[in-house]
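Basis for what follows: all heavy atoms, side chains included, without hydrogens, waters or symmetry-related copies. Indexing begins at 1, ligand by ligand and atom by atom, following the structure's order. In this text the structure is predicted, and so the values were computed from the model without any measurement.
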Amino acid sequence: MTHPSSVPLPGVVTVHVNGEAAQVGAALHDTLLTVLRDRLQLTAAKRGCNQGVCGACTVSVDGVPMRACLSLAHNCQSAQVRTLEGLLDCPHMQALQAAFASTGAFQCGFCTPGMLVSARSLLQRDPDPDERAIRTALSGNLCRCTGYVKIVAAVQAAARSLLAEGAAS
Ligand code: FES
Ligand code: FES
């Protein structure tokens, strides 16, 4: 006989976000983005196209950048999700944020949280990426404002800074 506490409640998901488990109401069709933004008030991940094109909703799922608007919340219950809010203490993220600010790598800023999550993942697996690697890693993150040149420069600057500090790995 199944213990009552192990029976999933209808309309409730357990998500593991930024190191904490949270039970929230979610319909079967609710996306991870809906749960993050509308239930947990974690609004760094942006709802841009809401159909998997722009990358503004990018979060880290089990260490991999994913589009939260394409993931059903019910399918993410065993995953470790990190949003930008949960990555602020990471040295890679701090270096990226400083470089984005000093380089002027954003204008409206709507794409920036997703860019940062994708760029952090790149720097974690490749501490010294060339321009091609950066453009490839960020190819799923669209920016309507900057033309990408300063974004690439910011990621290169963050990489240099982390390498200089010995914090790249
Ligand atoms: S909002 Fe998810 S890819 Fe655009
Ligand atoms: S800074 Fe506006 S979309 Fe990228």
Subject >> Subset of ligand 1 atoms that lie under 4.0 Å from at least one heavy atom of Arg67 >> reply: 3 (S)
Original post:
Between Gly55, Ala56, Ser71, which one has a non-hydrogen atom sitting closest to atom 3 (S) of ligand 1?
Top reply: Gly55
Original post:
Below 4.5 Å, heavy atoms only, C-beta onward: do Thr58 and Pro65 meet side chain to side chain?
Top reply: yes
Cut-off 3.5 Å, no hydrogens considered: what does the side-chain donor-acceptor table look like for residues 95-106, sequence neighbours left out?
| unit_1 | atom_1 | unit_2 | atom_2 | d |
| --- | --- | --- | --- | --- |
| Ser102 | OG | Ala98 | O | 3.1 |
| Ser102 | OG | Ala99 | O | 3.3 |
| Thr103 | OG1 | Ala99 | O | 2.6 |

Original post:
Do Thr34 and Thr31 meet the criterion of a side-chain donor-acceptor pair at a distance under 3.5 Å?
Top reply: yes
Subject >> Numbered atoms and elements of ligand 1 in range of Asn50, under 4.0 angstrom, heavy atoms >> reply: 1 (S), 4 (Fe)
List the atom pairs, with distances to 0.1 Å, where a side-chain N or O of residues 36-45 and a protein N or O form a donor-acceptor pair under 3.5 Å, not counting sequence neighbours.
| unit_1 | atom_1 | unit_2 | atom_2 | d |
| --- | --- | --- | --- | --- |
| Arg37 | NH1 | Thr43 | O | 3.0 |
| Arg37 | NH1 | Ala45 | O | 2.8 |
| Asp38 | OD2 | Arg47 | NH2 | 3.3 |
| Arg39 | NE | Gly25 | O | 2.7 |
| Arg39 | NH2 | Asp30 | OD2 | 2.5 |
| Gln41 | NE2 | Asp38 | O | 3.2 |

Subject >> Asn18 side chain vs Thr83 backbone, donor-acceptor pair below 3.5 Å >> reply: yes
**OP:** Below 2.8 Å of atom 4 (Fe) of ligand 2, tally up the protein N/O/S atoms for me.
**Re:** 2
Original post:
Which atoms from ligand 1 have a heavy atom of Gly52 less than 4.0 Å away?
Top reply: 3 (S)
Original post:
Are the side chains of Leu163 and Pro127 in touch, meaning some heavy atoms are under 4.5 Å apart?
Top reply: yes
Original post:
What's the SG-atom 2 (Fe) of ligand 1-SG angle here (Cys69, Cys57), rounded to 10 degrees?
Top reply: 110°
Original post:
Does the side chain of Val61 come within less than 4.5 Å of Ser71's, by heavy atoms?
Top reply: no
Original post:
ligand 1 versus Thr58, non-hydrogen atoms closer than 4.0 Å: side chain, backbone, both, neither?
Top reply: neither
Subject >> Sub-4.0 Å atoms of ligand 1 with respect to non-hydrogen atoms of Cys54 >> reply: 1 (S), 3 (S), 4 (Fe)
Subject >> Numbering as shown, the atoms of ligand 1 that approach Cys49 to under 4.0 Å (heavy-atom distance) >> reply: 1 (S), 3 (S), 4 (Fe)
Original post:
Got a sec, which residues hit salt bridge (Lys or Arg N to Asp or Glu O under 4.0 Å) with Arg135, two or more places apart in sequence or on another chain?
Top reply: Glu131
